[in-house]
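Note that these values count all heavy atoms, side chains included, but never hydrogens, waters or copies made by symmetry. Given the structure is predicted, the values throughout are model-derived calculations rather than measurements.
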Amino acid sequence: MARPVAFRSAGVEDVDAILTLWQLGGVDHDEVGDRFEIVTKLDYDGDLFVVAARDDKVVASVMGTYDGHRGRIKRCVVDPAEQRSGVGRQVVAELERRFVARGITELRLEVWADNIGAQTFWSTMGWEHLEDICYYTRSLRTD
């Protein structure tokens, strides 16, 4: 029988484990950029960056953030060995609980069009796919 999963806010001690998890989960990987994103997130809405650990091993993580208008969910990743175990649903439920505790009740997230598994996951979690929104991006980097 699988040991229970414990949920907590991510900490600096989790950075390497989260990077490893993201690699296992197939997240596009940029060691320097991803590390910077994680460490920066710990200082901003760190209580909304949740990890799930089983036997002290990080098996899932999800980033939440708040822009003053809506909560956003980013980088929800579950170790492939733990997928379909319910830990993804549990880590999202924990993040949603934290949003509600802060009075944040309107949420958004983005999923790549070719990530059918993620689209299925979010749909089964009760999230609505909005056909009428186009997502734009722009980089202001100069390097």
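In summary, E37 and K41 do not engage in a salt bridge, as defined by a charged side-chain N under 4.0 Å from a carboxylate O. A salt bridge between R35 and D30 is absent, with no side-chain N of the basic residue lying under 4.0 Å from a carboxylate O of the acidic one.
Going from atom CG of D114 over to atom CD of Q119 covers 8.5 Å, rounded to the nearest 0.5 Å. Note that CZ of R89 and CZ of R84 are 10.5 Å apart. Values are rounded to the nearest 0.5 Å. Atom CG of D47 and atom CG of L95 lie 9.5 Å apart (nearest 0.5 Å). For the atom pair NE2 (H129) and OG (S123), the distance works out to 8.0 Å, reported to the nearest 0.5 Å. Within the model, atoms CD of Q83 and CG of L24 stand 10.0 Å from one another, a figure rounded to the nearest 0.5 Å. From E13, atom CD reaches atom CG of L42 across 8.5 Å, with rounding to the nearest 0.5 Å.
Hydrophobic clustering places M125 together with I104 (ILVMFWY residues linked when any side-chain heavy atoms are closer than 4.5 Å, directly or through intermediates). Transitive grouping of hydrophobic side chains (ILVMFWY, heavy atoms separated by less than 4.5 Å) brings V27 and M63 into a common cluster. Two different hydrophobic clusters hold F99 and V51 under the rule that ILVMFWY side chains link at heavy-atom gaps under 4.5 Å. In the hydrophobic cluster analysis, where Ile, Leu, Val, Met, Phe, Trp and Tyr join through side-chain heavy atoms closer than 4.5 angstrom, V5 is grouped apart from L21. Criterion: ILVMFWY side-chain heavy atoms under 4.5 Å apart, direct or through other members. Under it, V87 and V50 are part of a common hydrophobic cluster.
In terms of heavy atoms, V58 sits closest to A17 at CG2-CB, 3.9 Å. In terms of heavy atoms, F7 sits closest to Q90 at CZ-CB, 3.4 Å. Considering all non-hydrogen atoms of both residues, S61 and I18 come closest at OG-CG2, 4.1 Å. Heavy-atom minimum distance, R54 versus S85: NH2-OG, 4.3 Å. Nearest heavy-atom pair across V111 and A118 is CG1-CB, 3.7 Å. In plain terms, the two heavy atoms of P80 and G25 that are nearest each other are CD-N, 4.4 Å.
Counting non-hydrogen atoms of neighbouring residues, nucleotides and ligands closer than 6.0 angstrom, the CG atom of D67 exceeds 12 such neighbours. Enclosure of atom CD in E106 is not indicated, since only 12 or fewer non-hydrogen atoms of other residues, nucleotides or ligands lie within 6.0 angstrom.
No hydrogens or angles considered: a donor-acceptor pair under 3.5 Å links the side chains of D45 and T65.
In this structure, D55 contributes its side chain and K57 its backbone to no donor-acceptor pair below 3.5 Å. Judged by distance alone, with hydrogens and angles left aside, the side-chain atoms of D43 form no donor-acceptor pair with the main-chain N or O of T40 at under 3.5 Å.
Among residues at least two apart or in separate chains, there is no ring-ring contact (aromatic ring centres under 6.0 Å, His included) pair with a member in residues 39-94.
In the hydrophobic clustering, L130 connects to I133, either directly or through intervening members, whenever side-chain heavy atoms lie under 4.5 Å apart.
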Worked check of salt bridge (Lys or Arg N to Asp or Glu O under 4.0 Å) between D34 and R75: CA-CA 11 Å; D34 290 348; R75 303 236 185 191; 3.5 Å; yes
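Two residues are said to be in side-chain contact when any heavy atoms from C-beta on lie closer than 4.5 Å; V78 and V59 fail this criterion.
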